[in-house]
Amino acid sequence: MKLGFLSAILDGWTYEEMMDVAHDMGFQCVEVACWPKGKAERRYAGVSHIDAERVLVDGEYRDHILSYAKKSGVEISSLGYYPNPLDRDEEKRKAAIDHILALIDASALLGVNMVTTFIGRDQWKTVDENLALVGEIWPPIIARAEEKGVRIAIENCPMLFGADQWPGGQNIFTSPSNWDKVFEILRSDNLGINFDPSHFVWQMLDYTKAVYDYRDKMFHIHFKDIKLYPEKLKKCGIMAHPLEYMSPKLPSYGDVKWDEFACALTDIGYEGYAVVEIEDKAFEGSREKILDSLRISKRYMENFII
């Protein structure tokens with residue numbers, strides 16, 4: 001496995017500065033945040049360390065991206081962008097799809113050949129209604145990926161944390177049950193999973209079993225932790241907004257059993273990219289705290305990944 005981080009945490013750093021951080025800390029790879037330019041709609045979104053549209057038209061810029069990565073000795077694991085391609089708002093939906101298509105083309109040109117993203121969800125529709133949308137919207141995206149030789153790895157975050165994402169969340173790719181339904185609709189070797197075990201903690205799902213059961217679909221891994229607060233859960237119950245009883249944390253600061261998870265990955269022979277995703281509010285507020293979060297996460301995960 002190659003250990004890295006998702007660059008969205010380095011908001012305000014340039015591409016070069018971000019790669020320098022990865023090099024200086026000894027990370028092997030980065031999942032590069034590639035949102036389109038504009039205002040972020042949520043925390044940890046809106047960051048763009050590579051301008052995908054510019055990659056498509058500017059050969060000099062493209063060569064610089066690749067040469068700087070080579071100089072840094074840091075691989076680009078994927079071009080990452082996490083919107084809602086099934087958004088009820090047609091304008092937002094089109095913008096998300098257009099940028100995913102641009103990322104597929106850019107990823108192919110850069111030789112990265114991976115895009116990490118969400119399937120999306122209309123949060124006011126049922127699962128079955130959303131699956132019908134998947135069947136309408138995603139086949140052309142998958143066809144582009146197949147044409148370009150790019151793999152698409154879908155993260156399993158439900159995007160259901162507060163009132164703005166109620167009632168259904170903004171990503172239907174949340175559980176093995178739903179994975180099966182999506183894979184049945186989109187039958188492609190180019191579609192797989194960007195697996196984050198933390199979301200299985202608060203959904204009370206088995207993240208180690210998922211690794212074994214979907215070994216051929218594990219394209220990319222996120223290392224993020226979740227801390228459940230039992231006393232809060234006992235007071236508000238599982239029908240509350242999830243952030244009322246849990247919180248994203250650095251690896252080892254939450255409830256994921258990292259030895260068991262890493263063991264499962266090695267058992268299946270996973271040798272791909274595994275990146276730390278930082279969303280821990282305790283490490284916000286300054287550049288030094290953010291850098292500390294990366295240092296701590298790397299030091300801990302190196303207990304399991306060499």
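All values below come from the heavy atoms of this structure, side chains included, with hydrogens, waters and symmetry mates left out.
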Side-chain polar contacts of residues 227-239 - donor-acceptor pairs under 3.5 angstrom, sequence neighbours left out - could you list them?
none

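- Look at R295 and D292 and you find a salt bridge, because one of the NZ, NE, NH1 or NH2 atoms lies within 4.0 Å of a carboxylate O, short of that distance.
- In summary, the side chains of D20 and W13 do not present any donor paired with an acceptor at a separation below 3.5 Å, with no hydrogens or angles considered.
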Apply side chain to side chain contact (heavy atoms under 4.5 Å, CB included) to residues L160 and T174 and explain how you reach the verdict. CA-CA 10 Å; L160 174 57; T174 57; over 6 Å; no

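- Taken to the nearest 0.5 Å, the CG atom of L131 stands 4.5 Å off from the CD1 atom of I185.
- Between Y253 and Y300, the distance from one ring center to the other does not fall under 6.0 angstrom.
- Side-chain atoms of E31 and T116 include a donor-acceptor pair closer than 3.5 Å.
- In this pair, W202 and F161 present their aromatic rings tilted. The plane angle is within the 30 to 60° band.
- Formation of a donor-acceptor pair under 3.5 Å by the S48 side chain with backbone atoms of P36 is not found in this model.
- Side-chain polar atoms of H241 and Q165 form no donor-acceptor pair below 3.5 angstrom.
- One distance of note links CD of E279 with CD1 of I226; it measures 8.0 Å at 0.5 Å rounding.
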Please assess N171 against Y82 for the test side chain to side chain contact (heavy atoms under 4.5 Å, CB included), listing each intermediate value before the final yes or no. CA-CA 10 Å; N171 185 34; Y82 298 90; over 6 Å; no

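- With sequence neighbours excluded, no residue satisfies ring pair (Phe, Tyr, Trp, His ring centres under 6.0 Å) with Y270.
- Ion pairing between R144 and D105 holds under the 4.0 Å rule for side-chain N and carboxylate O.
- In the hydrophobic clustering of this structure, L243 groups with I278; members are Ile, Leu, Val, Met, Phe, Trp, Tyr whose side-chain heavy atoms approach within less than 4.5 Å, directly or through other members.
- S198 and D196 form a side-chain donor-acceptor contact under 3.5 Å, judged by distance and modelled atom types alone.
- Counted by atom type alone, H49 and S7 present one or more donor-acceptor pairs between their side chains at under 3.5 Å.
- In this structure, the side chains of N84 and F118 stay at 4.5 Å or more apart for every pair of heavy atoms.
- A donor-acceptor pair shorter than 3.5 Å can be found between the side chains of S77 and H220.
- Under the 4.5 Å side-chain criterion, counting only non-hydrogen atoms from C-beta, F173 is not in contact with E155.
- At least one side-chain heavy atom of H222 sits under 4.5 Å from a side-chain heavy atom of V275.
- Taking the ring pair (Phe, Tyr, Trp, His ring centres under 6.0 Å) definition, one finds that Y214 meets it with W179, sequence neighbours left out.
- Of the candidates Y207, F261, F195, F195 is the only one forming a ring-ring contact (aromatic ring centres under 6.0 Å, His included) with F200.
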